[in-house]
Amino acid sequence: MITRVDIRLPLAEAADDAARRREAASVLGVETARIRGVRLVRESLDARHRPIRKQLRLEAGVDEELRPAAKIERFYGSIPSAARRIILVGAGPAGLFAALRCLELGARPVILERGRDVETRRRDLLPLLGGGPLAEDSNYCFGEGGAGAFSDGKLFTRAAKRGPVREIYETFAAHGAPLSILTEAHPHIGSDLLPGVVKAMRESILRAGGEVHFGARVTRLLRSADGTRLRGVATRDGREWEGAVVILATGHSARDVYRLLLDEGISLERKAFAVGVRIEHPQSAIDAAQYHLGRRETRPQGLPAAAYSLATKMDGRGVHSFCMCPGGCIVPAVTASDEVVVNGMSLSGRDSPFANAGLVVSVEPEDTDAFAAECGALSGVAFQKAIEHAASLAGGGAWRAPAQRAADFLAGRVSASLPATSYSPGVVPADLRALLPDGVARRLRGGLRLFERRLRGFAGTDALLVGCETRTSAPVRIPRDPETLMHPCLKGLYPCGEGAGFAGGIVSAALDGRKCAEAAVAAFRQ
């Protein structure tokens with residue numbers, strides 16, 4: 001019999017095959033000798049009490065050998081020369097997974113990416129960290145791999161109702177991601193490994209006959225004579241790309257695309273998003289709080305850098321941690337010269353001495369009404385931009401960020417000194433309450449006080465707030481028909497992923513890319 005069994009083991013024994021067999025036999029009520037093999041299906045930490053244990057879900061063979069694990073690989077064949085072309089705008093997770101799904105369904109994907117390939121993009125980031133110039137289309141938000149490529153590579157979505165989540169994980173693994181992402185409860189790839197995975201995905205697309213074009217910033221839609229149907233797009237360099245189907249997967253920071261759509265008479269909708277700050281702690285402080293360590297006790301070997309997830313409601317708006325990066329660093333996620341925007345990332349080892357997370361407040365469309373008269377559907381973009389510009393002025397240039405100790409933020413005073421930070425361009429003491437909208441600042445104060453009670457030291461002396469975190473998700477939705485997934489006003493246009501307001505994170509964006517590709521190919525066949 002092959003069955004699944006859930007067991008708990010002390011940390012020191014969790015990786016030991018003999019210990020796993022013994023515990024599985026105990027839970028199943030059989031002799032240990034009858035367990036012919038075990039295989040890990042999923043693992044997570046139980047750090048609620050000492051000693052810390054691991055919870056393991058195993059596949060166990062009782063009186064029967066387990067079959068060898070299937071090799072994780074993907075082959076996409078070769079697309080015939082007569083295959084229908086699908087234009088994909090953007091090479092983030094939505095665009096890449098849409099392209100791979102097109103190949104599986106026999107269509108030829110043509111990816112147009114405004115930025116540069118992921119290896120070159122990584123080099124383009126280095127000047128920013130030293131306060132140097134911004135590469136307009138190759139930065140932490142734009143370029144191959146999208147914003148997620150340099151934001152830790154978190155893969156937290158496992159809800160089956162969203163689609164074939166396992167397929168997304170296996171596709172990453174088939175392109176070089178660690179196999180551990182298939183079993184970890186909260187998997188991540190790491191910003192050091194993800195570029196190689198993205199490159200391998202591109203190579204799969206090219207090998208099968210797809211196309212990937214960099215430096216191809218879309219500036220115009222090409223329409224049929226009556227204006228109701230797409231026939232392709234034009235890019236800034238004057239090239240025209242013919243295709244009756246366009247999957248628009250440009251990410252949450254492509255504000256020029258929203259303006260392009262409005263100029264083309266294509267309707268947009270306001271949607272909720274969130275803004276706030278990055279909060280940074282010494283990783284040792286988070287370890288101590290989450291693993292119940294003593295004052296002089298260090299994190300036991302074998303334990304990962306501790307993480308947290310915090311959420312509450314304050315006066316009708318959510319306050320929550322976002323994109324938590326254990327053992328990570330804060331980075332400048334700017335896309336224009338007159339703003340400061342921060343985000344977090346970590347490498348696969350998560351071995352930085354700092355932990356950071358977004359600490360943000362939800363913003364509903366009505367909260368941006370002050371900008372609606374002038375900006376209409378882009379009032380949320382204007383709301384974000386006002387905060388980002390204020391942060392830039394407070395930082396004084398060169399991407400320096402305004403910052404404040406959490407205790408001083410609560411007390412309403414500018415910090416006399418600031419603790420060490422991972423933010424390379426540097427931080428400047430400032431009153432963050434003056435930079436944020438009143439409702440956001442007030443709710444952040446309430447959230448900080450509550451989270452301090454839940455997580456010891458969260459708002460303590462060494463907790464640093466760095467401003468401002470504004471790009472949590474798109475403040476705009478590009479509407480689409482729930483059945484066809486096309487924009488209701490323009491046949492052939494498929495708004496997709498996080499930038500269109502239909503995803504939030506790498507996995508959900510990838511799933512939406514697959515779904516849009518399936519809808520687009522199905523439309524060809526009707």
Side-chain angles (χ1 to χ4, degrees), residues 128-132 134 140 273-282 285 314 319 321-323 325 328-345 354-361 363 367 370-371 382-449 451-452 457-472:
L128 272 181
L129 298 178
L134 167 72
Y140 279 100
F273 56 105
V275 300
V277 296
R278 275 270 144 186
I279 185 166
E280 185 169 61
H281 302 85
M314 293 281 167
V319 182
S321 60
F322 170 81
C323 184
C325 297
C329 60
I330 302 175
V331 297
V334 294
T335 54
S337 60
D338 62 343
E339 63 192 28
V340 164
V341 183
V342 293
N343 192 12
M345 64 170 278
F354 297 99
N356 73 79
L359 186 64
V360 296
V361 176
V363 177
D367 299 331
F371 299 92
F383 183 95
Q384 291 174 321
K385 185 68 179 183
I387 297 172
E388 295 163 3
H389 184 57
S392 176
L393 293 176
W399 319 119
R400 289 186 295 272
Q404 194 171 15
R405 292 180 187 266
D408 293 332
F409 179 75
L410 292 175
R413 59 176 178 258
V414 175
S415 299
S417 65
L418 298 174
T421 178
S422 65
Y423 184 69
S424 293
V427 292
V428 175
D431 180 4
L432 293 178
R433 297 202 299 187
L435 305 181
L436 295 166
D438 289 343
V440 172
R442 174 168 46 82
R443 292 179 176 95
L444 279 179
R445 293 198 303 273
L448 270 171
R449 293 188 179 101
F451 297 154
E452 169 66 27
F458 190 77
T461 305
D462 291 330
L464 180 67
L465 306 182
V466 181
C468 291
E469 173 99 11
T470 52
R471 309 286 179 91
T472 56

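All values below come from the heavy atoms of this structure, side chains included, with hydrogens, waters and symmetry mates left out.
At least one side-chain heavy atom of Leu393 sits less than 4.5 Å from a side-chain heavy atom of His389. Side-chain contact check for Pro332 versus Leu129: some heavy-atom pair is nearer than 4.5 Å. Annotation: side chain of Phe409 is in contact with side chain of Leu444 (closest heavy-atom distance under 4.5 Å). Residues Val275 and Val360 have side chains not in contact (no heavy-atom distance under 4.5 Å, counting atoms from C-beta outward). Taking the side chain as every heavy atom from C-beta outward, Gln384 and Phe273 approach each other to under 4.5 Å. Using a 4.5 Å cut-off on side-chain heavy atoms (C-beta onward), Arg471 and Glu388 make contact. When side chains are defined from C-beta on, Phe451 counts as touching Leu359, because their heavy atoms get closer than 4.5 Å.
Taking both residues in full, the closest heavy atoms of Pro425 and Ala398 are given as CB-O, 3.8 Å, listed atom of the first, atom of the second, then distance. Minimum interatomic distance between Ala401 and Val342 (heavy atoms only, all atoms of both residues): CB-CG1, 4.4 Å. Here the shortest heavy-atom pairing between Asn343 and Cys323 reads OD1-SG, 4.0 Å. The shortest heavy-atom contact between Ala357 and Ser321 is CB-CB, 4.5 Å. Of all heavy-atom pairs spanning Ala382 and Phe371, the tightest one is CB-CD2, 3.6 Å. Smallest separation of non-hydrogen atoms from Ala390 and Leu435: O-CD2, 3.9 Å.
Between His281 and Phe458, the ring-plane angle classifies as tilted under the 30° and 60° cut-offs.
Note on residues 414-440: no pairs pass salt bridge (charged side-chain N to carboxylate O under 4.0 Å, His left out), not counting sequence neighbours. Among residues at least two apart or in separate chains, side chain to side chain donor-acceptor pair (under 3.5 Å) pairs with a member in residues 393-412 are Arg405-Ser417, Asp408-Arg413, Asp408-Ser415.
Note: Cys468 SG to Leu432 CG = 6.0 Å, rounded to the nearest 0.5 Å. Between the OG1 atom of Thr461 and the CG atom of Leu464 there is a distance of 12.0 Å, given to the nearest 0.5 Å. Considering CE of Met345 and SG of Cys329, their distance stands at 4.5 Å, rounded to 0.5 Å. The line from OH of Tyr140 to CG of Leu134 is 11.5 Å long, rounded to the nearest 0.5 Å.
Remark: side-chain polar atoms of Glu280 are not paired, donor with acceptor, to backbone N or O of Ala355 under 3.5 angstrom. With Ser422 contributing its side chain and Phe354 its backbone, the two residues share no donor-acceptor pair below 3.5 Å.
Tested against Leu436, the residues Ile387, Val361, Thr470 include a single side-chain contact (heavy atoms from CB on, under 4.5 Å) partner, Ile387.
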Could you walk me through whether Asn356 and Val466 pass the side chain to side chain contact (heavy atoms under 4.5 Å, CB included) test, one step at a time? CA-CA 10 Å; Asn356 73 79; Val466 181; over 6 Å; no
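Residues passing the side-chain hydrogen bond (donor to acceptor under 3.5 Å, both in side chains) test with Arg449: none are found, sequence neighbours excluded.
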